[in-house]
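To keep things clear, I will list the structure first and then write my remarks on it.
None of the values given here were measured: they were computed from a predicted structure. To find a chain, count down the sequence lines: A is the first, B the second, and so on, and within it residues start at 1.
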2 protein chains.
Amino acid sequence: MTQFSEVVMALDLGPLDSHVGYLLRRAQLAVFADILPSLAEHDVSPADYAVLTVIDRNPGAGQSQVAETLGIQKTNFVPLIRRMEARGLVLRAPSPTDRRSVALSLTAAGEALLARLHAAAQAHIDRVRDHLGADRYDALLEPLQRLASVSRPS
Amino acid sequence: MTQFSEVVMALDLGPLDSHVGYLLRRAQLAVFADILPSLAEHDVSPADYAVLTVIDRNPGAGQSQVAETLGIQKTNFVPLIRRMEARGLVLRAPSPTDRRSVALSLTAAGEALLARLHAAAQAHIDRVRDHLGADRYDALLEPLQRLASVSRPS
DNA sequence: TATTGTTATACTCTATAACTATA
DNA sequence: TATAGTTATAGAGTATAACAATA
């Protein structure tokens, strides 16, 4: 093996190779790249999947509540949720207690799709865990939860 | 403390609260939000900072080599590097060995700015480490490096 | 006055196709 | 034929301003 083989020499990342922000970004892209095709089969984005999951767990919650929980601005949430309604996955009903608010819930079709998405997500998580090894995977989750729970500016 | 105080009840995330992809995304956004203002003071984006760092560590490297190292498409790299050249931070010289290639290096101004950026980055990393605690921070880096080093499709 | 949902709009990031000049 | 750099362009994702209806 010569010093400069046909294999392209990777450049030196310098301090980036232990920069938590850089590593988080690259890791997020790699992990998303793994689950993206499974979701795309159902014409669903990661944001869509998260929204369906939260509505399922919190039926009757309002749009802005769901949006804020996921860090999505209410203004950007409108086309997303309207598309899901148009697809027959989500029901948008007037709130009985607040006439400004729209209560969200999943339709039967939405529940059925979500079940399939959860299965795909679990298979994806298993791949990530296998790739990392159980010990490294387990060590990862707690610090990530701590960072992820940092409240963003409202 | 009543069950439903004025504090808005956070909705249930369901399986998302331990979904590695969701946590990576939220964690990345939180960490970026911390360093963003420091970089913005110098009119520098996270991508700019990464590019300057890699050029500094690999003077003479070509555009596409630097771009690929950072997961940036060469086509999107053009306006980024041209802006840095226009700001007098980066030198784009014809490669002596390959007339197709542009050899990148930092100017004195680029080196000076990068030193200030590295200082800001270190302060940021210290904040993240303090927030997490040294043990959780240390546990985080190795699995992240493993995930971040997954080669993306060329 | 504040909040829910809405429209319109702009800006950044990222992706694709096609080209040139070199190798 | 393949690669380095380029242009043009299109699509996401995200951001701000302003508004109507309701609290």
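Looking only at distances, a side-chain donor or acceptor of Q145(A) sits under 3.5 Å from a matching main-chain atom of D17(B). The backbone N or O of D12(A) sits less than 3.5 Å from a side-chain atom of N58(B), completing a donor-acceptor pair.
Counting only heavy atoms from C-beta on, K74(A) has its side chain closest to dT4(C) among dT22(C), dT7(D), dT4(C). If you check dA15(C), dA4(D), dT4(C) against the side chain of N76(B), the one that comes closest is dA15(C). With dT3(C), dG5(C), dT14(D) as the choices, the nucleotide that has an atom nearest any side-chain atom of R92(A) turns out to be dG5(C). Nearest to the side-chain atoms of Q63(B) among the listed nucleotides dA23(D), dT6(D), dA4(D) stands dT6(D). Across dA4(D), dT22(D), dA15(C), the shortest atom-to-atom separation from the side chain of Q73(B) is found for dA15(C).
The CG-C1' distance, from L80(A) to dG5(C), rounds to 15 Å in whole Å. In this entry the distance linking CG of L70(B) with P of dT14(C) reads 11 Å, nearest Å. We find that CG of L36(B) is positioned 10 Å from P of dA15(D), with the value rounded to whole Å. Note: CD (E68(B)) to C1' (dG5(D)) measures 14 Å, nearest angstrom. Rounded to an integer number of Å, the gap from F32(A) CZ to dG13(D) C1' is 12 Å. Regarding F77(A), its CZ atom lies at a distance of 20 Å from the P atom of dA8(C), rounded to whole Å. To the nearest angstrom, P of dT4(C) lies 8 Å from CD of Q65(A). Note: CD1 (I72(B)) to C1' (dA4(D)) measures 16 Å, nearest angstrom.
With hydrogens and angles left out, the side-chain atoms of D56(B) and T53(B) include no donor and acceptor closer than 3.5 Å. One side chain, S45(A) or D48(A), offers a donor N or O that lies under 3.5 Å from an acceptor on the other. For H42(A) and Y49(A), the side-chain atoms include no donor-acceptor pair closer than 3.5 Å.
When the side-chain nitrogen and oxygen atoms of R100(B) are compared with OP1 and OP2 of dT6(D), none of them lie within a distance under 4.0 Å. Look at R99(B) and you won't find any side-chain N or O under 4.0 angstrom from OP1 or OP2 of dA4(D). S101(A) has a side-chain polar atom (N or O) that falls below the 4.0 Å cut-off from OP1 or OP2 of dG5(C). Residue R82(A) has a polar side-chain atom (N or O) positioned under 4.0 Å from OP1 or OP2 of dT6(C).
If you check distances only, the side chain of T75(A) does reach the base of dT16(D) with a donor-acceptor pair under 3.5 Å.
Residue whose closest nucleotide on DNA chain C sits further toward the 5' end, between D98(A) and P46(B): D98(A).
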